[in-house]
Amino acid sequence: MSSTPLPGIGVRYDLTTREHRRLSVIAHRDGGRTLSTYRKDDPDECALSTRLTAGEAEALVGALMPTHHSPNLLCTTELGLVAERIELSSVSYWNGRVLGETRMRTQTGASIVAVLRRAEAIPSPTPDFRLAGGDELIVIGTREGVETAAAILGRE
């Protein structure tokens with residue numbers, strides 16, 4: 001899964017399945033989602049695209065998640081908060097720099113609450129934690145704060 005900030009729109013998440021099918025989800029700033037699938041014989045040609053409301057997207061997530069897993073673990077929209085996974089690109093300005101240099105909480109109000117690196121999870125990374133390309137950062141904050149964080153982290 002990869003993510004791409006779309007300034008003014010939201011964040012696009014792309015996934016290629018084990019069967020080599022491309023899917024993408026655009027998480028819009030208003031909480032809605034656009035789900036798109038692409039043709040197997042031409043992965044650049046969209047086969048289906050549909051816009052979902054925030055409630056419809058939540059219902060779909062509930063249907064996709066196993067019942068023993070809490071679909072609300074990262075869903076805090078009723079509190080005005082969202083949580084997103086933001087992948088740090090290997091060409092990111094922040095690759096090799098320490099987390100504190102981002103001034104993330106000061107600039108966005110959002111918090112990086114964990115970093116997923118390879119098979120390891122680093123909860124509550126400290127300001128001296130060194131970021132690396134490929135890290136997935138779990139960011140929690142308001143929708144606007146998380147989108148701003150994604151834009152900051154996407155800086156090359």
Side-chain angles (χ1 to χ4, degrees), residues 1-90 92 94 99 102 104-105 107-125 131 133-156:
M1 174 92 64
S2 65
S3 64
T4 305
L6 302 173
I9 298 170
V11 178
R12 185 181 79 210
Y13 298 93
D14 294 299
L15 170 73
T16 301
T17 70
R18 183 176 40 191
E19 296 176 347
H20 304 288
R21 298 297 303 259
R22 260 190 61 217
L23 305 171
S24 72
V25 174
I26 296 176
H28 296 272
R29 292 175 60 181
D30 66 3
R33 302 290 191 261
T34 299
L35 173 64
S36 301
T37 61
Y38 297 85
R39 294 175 49 99
K40 190 170 187 175
D41 60 333
D42 183 357
D44 293 325
E45 186 177 335
C46 189
L48 170 73
S49 185
T50 187
R51 175 80 188 237
L52 304 171
T53 66
E56 292 166 340
E58 190 172 338
L60 181 59
V61 166
L64 292 171
M65 297 297 292
T67 56
H68 66 275
H69 186 284
S70 171
N72 293 323
L73 183 61
L74 293 179
C75 182
T76 56
T77 53
E78 65 275 0
L79 301 174
L81 299 174
V82 296
E84 297 279 350
R85 285 183 184 213
I86 300 172
E87 185 173 347
L88 192 71
S89 166
S90 61
S92 172
W94 304 107
L99 180 59
T102 67
M104 190 63 58
R105 193 173 309 139
Q107 291 189 59
T108 69
S111 296
I112 297 172
V113 298
V115 176
L116 307 177
R117 181 177 286 167
R118 293 182 285 281
E120 181 182 13
I122 299 102
S124 304
L131 298 168
D135 284 352
E136 285 191 41
L137 287 68
I138 307 297
V139 182
I140 295 181
T142 63
R143 167 64 53 203
E144 182 178 292
V146 170
E147 287 178 6
T148 303
I152 290 169
L153 293 167
R155 176 181 166 198
E156 292 184 4

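Throughout, residue positions are numbered sequentially from 1 according to the sequence presented.
Atom CD of residue Glu136 and atom CZ of residue Arg85 lie 5.0 Å apart, to the nearest 0.5 angstrom. Atom CG of Leu23 is separated from atom CG of Leu35 by 7.0 Å, given to the nearest 0.5 angstrom. Here the CZ-CG distance, from Arg143 to Leu81, works out to 11.0 Å after rounding to the nearest 0.5 Å. Note: Leu99 CG to Ile112 CD1 = 4.5 Å, rounded to the nearest 0.5 Å. The OG atom of Ser49 lies 7.0 Å from the CD1 atom of Ile26; values are rounded to the nearest 0.5 Å. In this structure, OG1 on Thr53 lies 10.5 Å from CG on Leu60, to the nearest 0.5 angstrom.
No donor-acceptor pair closer than 3.5 Å links the side chain of Asp135 to the backbone N or O of Leu137. For the pair Ser111 (side chain) and Val113 (backbone), a donor-acceptor distance under 3.5 Å is absent.
Nearest heavy atom pair, residue Gln107 against residue Thr102, reads NE2-O, 2.9 Å. In this structure, Arg12 and Asp14 approach most closely via the heavy-atom pair NE-OD2, 2.7 Å. Between Arg33 and Val25, the shortest heavy-atom distance links the atoms CD-CG1, 3.9 Å. What you find for Pro125 and Val115 is that their closest heavy atoms are CG-CG2, 3.9 Å. Of all heavy-atom pairs between Ser3 and Glu87, the closest is OG-N, 3.5 Å. Shortest non-hydrogen contact noted between Trp94 and Leu88 is CB-CD1, 4.1 Å.
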Can you give the donor-acceptor pairs under 3.5 Å from side chains of residues 146-155 to other protein atoms, not counting sequence neighbours?
{"from": "Glu147", "atom 1": "OE1", "to": "Arg29", "atom 2": "NE", "distance (Å)": "3.1"}
{"from": "Thr148", "atom 1": "OG1", "to": "Glu144", "atom 2": "O", "distance (Å)": "2.9"}

(message) Working note: Arg22 + Asp44, criterion side-chain contact (heavy atoms from CB on, under 4.5 Å); need CA distance, chi angles, decisive distance, verdict.
(response) CA-CA 9 Å; Arg22 260 190 61 217; Asp44 293 325; 3.7 Å; yes
(message) Determine whether Arg21 and Thr16 satisfy the following criterion, side-chain contact (heavy atoms from CB on, under 4.5 Å), listing intermediate values before the conclusion.
(response) CA-CA 5 Å; Arg21 298 297 303 259; Thr16 301; over 6 Å; no
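Annotation: Arg105, atom CZ; neighbour count of heavy atoms from other residues, nucleotides and ligands within 6.0 Å does not exceed 12.
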